[in-house]
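Read through the structure below, which is laid out as structure tokens, and then see the notes.
Within every chain, numbering begins at 1; the chains are lettered A, B, ... in the order of the sequence lines, protein sequences first and strands thereafter. Predicted, not measured: the structure shown is a model, and the values here were computed from it.
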Amino acid sequence: EAGVTQFPSHSVIEKGQTVTLRCDPISGHDNLYWYRRVMGKEIKFLLHFVKESKQDESGMPNNRFLAERTGGTYSTLKVQPAELEDSGVYFCASSQVSEQYFGPGTRLTVT
Amino acid sequence: KQEVTQIPAALSVPEGENLVLNCSFTDSAIYNLQWFRQDPGKGLTSLLLIQSSQREQTSGRLNASLDKSSGRSTLYIAASQPGDSATYLCAVSYPSGGGADGLTFGKGTHLIIQP
């Protein structure tokens, strides 16, 4: 069974540009989560989908971040326009009931 | 505000030793607690999940205990090996809409096992 996959693995963009991160959860997992780790800090929760609906988006930093989950399958996280402080590793996780399984992360560098 | 604290921040021990990693959380009304390991440049690997109604879980040389009333969990690693070297993360979730909300993570314990 394939695990959680994320694309791209790395992205380097300039301040002001737009970046879209993609997450494919484990097949059959209704719950999908986005997290972020910025340099030197702990991993922080961003938002939680249940199927295609946003269950909790209390961790989203501001309105430059937009997450979608079309048809309750894969999810995208768009940052527009990117700022320097958005640099970090973005993780996606999915779960069927309780245990969350994480993807390898996307390392985003904003210059 | 929910917080998770992990002690120690770093630990270096000789191969073969048994060791204990500690995790504490401020709000004891958790839904579950998960221990992960993270290798450099890699994602998180789930090691053990303890539901709020459970006291411990075991997997191979790993044993995790949970004392919800005191807001503490420990991860016990028996007979440590160099391959156990990694960062170990503790995370808790709280009830939300019949399930669990997003995880709140500690900063981790960076473990080095010396050959």
Side-chain angles (χ1 to χ4, degrees), chain A residues 1-7 9-10 21 23-26 29-51 53-61 67 75 77 88-107 109, chain B residues 1-7 9-10 21 23-27 30-54 57 59 62 64 66 86-110:
Chain A
E1 179 184 292
V4 177
T5 58
Q6 293 186 244
F7 183 83
S9 57
H10 294 84
L21 313 181
C23 169
D24 286 81
I26 293 172
H29 282 192
D30 287 340
N31 295 286
L32 187 148
Y33 304 82
W34 283 98
Y35 296 86
R36 176 174 75 170
R37 169 182 262 166
V38 297
M39 182 76 75
K41 303 283 189 180
E42 63 269 31
I43 297 171
K44 293 283 194 182
F45 164 76
L46 298 178
L47 89 159
H48 171 203
F49 284 100
V50 178
K51 296 184 180 179
S53 300
K54 293 176 185 176
Q55 174 77 14
D56 180 359
E57 52 185 328
S58 61
M60 295 288 263
S75 175
L77 180 63
V89 181
Y90 290 76
F91 292 102
C92 174
S94 71
S95 73
Q96 189 168 35
V97 180
S98 293
E99 189 167 7
Q100 293 189 29
Y101 298 89
F102 278 69
T106 293
R107 180 173 297 277
T109 302
Chain B
K1 179 183 175 185
Q2 300 136 357
E3 292 187 2
V4 176
T5 303
Q6 292 189 245
I7 295 174
L21 308 183
C23 171
S24 62
F25 42 94
T26 52
D27 184 346
I30 62 170
Y31 186 82
N32 61 42
L33 182 146
Q34 241 178 302
W35 282 94
F36 297 88
R37 71 173 278 168
Q38 185 176 25
D39 296 281
K42 301 292 179 72
L44 279 66
T45 300
S46 179
L47 297 174
L48 289 164
L49 169 75
I50 309 179
Q51 301 289 359
S52 61
S53 58
Q54 297 174 322
Q57 284 286 336
S59 176
L62 304 179
L66 173 64
T87 296
Y88 289 79
L89 297 163
C90 171
V92 297
S93 69
Y94 292 89
S96 172
D101 66 359
L103 292 166
T104 300
F105 280 86
K107 291 186 176 181
T109 294
H110 182 57

### Query
Nearest heavy-atom pair of B/Gln57 and B/Ile50: which atoms, and what distance?
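Where B/Gln57 meets B/Ile50 most closely, the heavy atoms are CG-CG1, 4.0 Å.
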### Message
Quick one: does any side-chain atom of B/Thr26 pair with a main-chain N or O of B/Glu3 as donor and acceptor, under 3.5 Å?
### Response
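Yes; judged by distance alone, with no hydrogens or angles, the pair exists.
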### Task
Give a yes or no answer on whether the side chain of A/Gln6 reaches the backbone of A/Gly105 with a donor-acceptor pair at less than 3.5 Å.
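Yes, the answer is positive, given that a donor and an acceptor are paired below the 3.5 Å cut-off.
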### Message
Other residues, nucleotides and ligands only: do more than 12 of their heavy atoms fall within 6.0 Å of NZ on B/Lys42?
### Response
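It does not: B/Lys42 NZ has 12 such atoms or fewer within range.
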### Query
Is the count of non-hydrogen atoms from other residues, nucleotides or ligands lying under 6.0 Å from B/Tyr94 atom OH greater than 12?
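Counting other residues, nucleotides and ligands, OH of B/Tyr94 exceeds 12 neighbours.
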Between [options], which residue shows the highest count of heavy-atom pairs closer than 4.5 Å to chain B?
{"options": "A/Gln100, A/Glu42, A/Arg37", "result": "A/Gln100"}
{"options": "A/Tyr33, A/Tyr35, A/Trp34", "result": "A/Tyr35"}
{"options": "A/Ser98, A/Pro104, A/Gly103", "result": "A/Ser98"}

### Task
Counting only heavy atoms closer than 4.5 Å, note whether B/Lys107 contacts chain A via side chain, backbone, both or neither.
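For B/Lys107, heavy atoms of backbone and side chain both lie under 4.5 Å from chain A.
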### Task
Below 4.5 Å from any heavy atom of chain B, which atoms of A/Arg107 appear? Answer side chain, backbone, both or neither.
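No part of it gets close to chain B.
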